[in-house]
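Here is the structure we will look at, set down as structure tokens.
Values below: all heavy atoms of this structure, side chains included; hydrogens, waters and symmetry mates excluded. Numbers restart at 1 for each chain; the letters A, B, ... are given by sequence-line order, proteins then strands.
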Amino acid sequence: MIKEVHETVLWHLGSMTFHGKTLIMTWISMALVMIFVFAGVRNLTSGKPGKMQNVLEWIIDFVRGIINDNMEYEKGRPLLSYLVTLFMFVFFSNMLGLIPNFTFNLLHDVHFAQLGHIFSGPSMMSPTADINTTLSLALLTIILVVFLGIKHKGAHYFHHFVEPNPVFVVIHAIDLIAKPMTLAFRLFGNIFAGEILLGVILMLPGIWVLPGILPTTIWLAFSIFIGAIQSYVFVVLTTAYVSQAVTSDAH
Amino acid sequence: MGGNPIQFDYTVPATVLSFLLLVWLLSKYAWKPLMKMMEERRTNIESMLKQAEDERQQADKIKREYQEEMRKARQEAQEVIAKATKVSEVRSAEILAAAHEESEKIKKSALVDIERERDRAISDVKAQVADLSVLVAEKIIKQKLDIKGQGKLIEQFIQEVGEMQ
């Protein structure tokens, strides 16, 4: 039996529970994103950009290209900041689970916020390997979709729920709910499965450790690929859903 | 908690808030300035391209002007040379004509001189012949005038002297 790779660490606040490990890893990812980005914008120049600024500009151009492909750029431009942040956050989150745990059990006896439990195990954890994180991002996407739909079309936005017949409102409602659900489960599934397999390879018993280096390397490389693809897919789908909502229907 | 990885709790709102905070922070302190810079660079490049285009056109204009001036200068030089050539031709013709005239004049005066000298020489000779014939006549007459029969000879002699004149 494969046990769950990441032991769920619960924080209790009143009657509310939080996945402590997920939140800590989320914040670590955010910190990494911020370090990366602020290192890039430290010496901003409109002249010859530095290496980091160049990377950031490339990312912005990349996301801008995605928006351009899906809708009129003017409607999508307010989304740019959000989408770039989303792209970087998801990417860094996906990568975090591939990084070995460098705390060497030093925090093992720290009971504050159960940090000892959080930093146990052979590697860090991707916040995106928790359905809560991916669902949060997917919820934000669907809120954006509805919000921008209303903003650009007014009450007319709700009109498409009863097209071509009021009976179809059920199907449209399912569609509206299925969109964030598929987003959330796709990302979660990919990353979670990747981490499980990584954990399994790392759990190989003694004699297999050395031969295990090769599959670990291969799987890490593949996970990097998967992580990059999934962050791209998440951003592209978010853009596509928004563009469906904001562009006037042809039918 | 069992093996079920799909459990929802208050992590969702916590993550939403965290993520929104990240979006706000990054867009305020990173993306906005960065995009402003990119836009600035775009306009910079645009204006530079425009400036370069303007300068190219100006350079073209200056080049055309120079070519025009060059052409004019060359034409003028051609005209000057042509004029100078014409003047020199006229002048040389004049000089030649003058020289010709002069030589003609000199020749004529020389001919006149020669004529005069010859006339003088002839008249001199005539005078001398006359003198000589008078002298000869005197001598002959002195010696043989008395001799009869010589009259005819004297007569002929005198006639011959007369023909010589």
Side-chain angles (χ1 to χ4, degrees), chain A residues 1-11 13-20 22-23 26-27 29-31 33-34 37-38 40-41 44-49 53 56-57 60-61 64 77 80-82 84-86 88-89 127 129-137 139-140 143 185 188 192 196, chain B residues 1-70:
Chain A
M1 268 293 283
I2 297 170
K3 270 178 39 178
E4 195 182 340
V5 179
H6 298 293
E7 186 188 350
T8 309
V9 178
L10 283 183
W11 288 349
L13 191 70
S15 62
M16 301 185 284
T17 59
F18 299 93
H19 288 191
T22 308
L23 283 180
T26 303
W27 294 331
S29 297
M30 288 178 179
V33 170
M34 283 204 274
V37 171
F38 285 126
V41 298
L44 272 184
T45 166
S46 64
K48 183 171 165 286
Q53 190 186 339
L56 290 183
E57 288 185 4
I60 287 183
D61 277 338
R64 187 178 283 160
R77 201 177 46 174
L80 189 53
S81 292
Y82 176 79
V84 176
T85 314
L86 182 68
M88 294 197 66
F89 173 69
D130 186 324
I131 187 73
N132 289 281
T133 310
T134 58
L135 186 71
S136 312
L137 299 177
L139 278 180
L140 282 174
I143 290 170
F185 278 100
F188 163 70
F192 185 68
I196 284 187
Chain B
M1 296 303 292
N4 183 11
I6 301 178
Q7 295 156 349
F8 301 104
D9 60 4
Y10 286 94
T11 315
V12 174
T15 308
V16 167
L17 286 181
S18 307
F19 184 70
L20 285 181
L21 182 69
L22 180 72
V23 170
W24 179 76
L25 272 178
L26 287 189
S27 48
K28 182 159 187 210
Y29 294 108
W31 306 135
K32 288 242 164 68
L34 186 59
M35 285 176 200
K36 216 182 88 194
M37 283 298 157
M38 289 168 81
E39 185 62 26
E40 209 168 276
R41 180 181 311 137
R42 205 182 61 77
T43 46
N44 257 356
I45 289 172
E46 223 165 54
S47 69
M48 274 179 202
L49 281 179
K50 200 174 161 309
Q51 200 181 329
E53 177 66 17
D54 284 355
E55 270 166 20
R56 203 183 58 78
Q57 276 174 359
Q58 212 166 342
D60 261 9
K61 210 178 110 198
I62 289 172
K63 192 180 148 204
R64 270 202 303 276
E65 277 173 12
Y66 269 122
Q67 278 173 343
E68 181 69 14
E69 255 165 50
M70 230 14 192

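- Contact tally against chain A (heavy-atom pairs below 4.5 Å) for B:L26, B:T11, B:V23, B:L21: the top residue is B:T11.
- The most heavy-atom pairs under 4.5 Å with chain A, out of B:N44, B:T15, B:V12, come from B:V12.
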Side chain to side chain contact (heavy atoms under 4.5 Å, CB included) assessment of A:S136 paired with B:F19: CA-CA 9 Å; A:S136 312; B:F19 184 70; over 6 Å; no
Candidate pair B:K28 and A:S81, rule side chain to side chain contact (heavy atoms under 4.5 Å, CB included), full reasoning: CA-CA 9 Å; B:K28 182 159 187 210; A:S81 292; over 6 Å; no
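- In this structure, NE2 on A:H19 lies 4.0 Å from CG on B:D9, to the nearest 0.5 angstrom.
- Between B:M35 atom CE and A:E57 atom CD the span is 10.5 Å, to the nearest 0.5 Å.
- Contact between A:N132 and B:F8 at its shortest, heavy atoms only, is OD1-CA, 3.4 Å.
- At a 4.5 Å heavy-atom cutoff, the contact between A:Y82 and chain B is made by backbone and side-chain atoms alike.
- The choice from A:V41, A:I131, A:T17, A:L56 that makes the most heavy-atom pairs within less than 4.5 Å of chain B is A:T17.
- Atom OG of B:S18 sits about 5.5 Å away from atom CH2 of A:W27, to the nearest 0.5 Å.
- Counting heavy-atom pairs under 4.5 Å between each of B:L25, B:V16, B:I45, B:L22 and chain A puts B:L22 at the top.
- Note on A:T134, A:L139, A:L86, A:V33: by heavy-atom pairs under 4.5 Å with chain B, the leading option is A:L86.
- Chosen from A:T22, A:D61, A:V84, the residue pairing most often with chain B at heavy-atom distances under 4.5 Å is A:V84.
- Separation of atoms CG (A:L140) and CG (B:L20) is listed at 5.0 Å; rounding is to 0.5 Å.
- Residues B:Y29 and A:V37 form no side-chain contact, since every pair of their non-hydrogen atoms from C-beta on lies 4.5 Å or further apart.
- Here the shortest heavy-atom pairing between B:L34 and A:Q53 reads CD1-CG, 3.8 Å.
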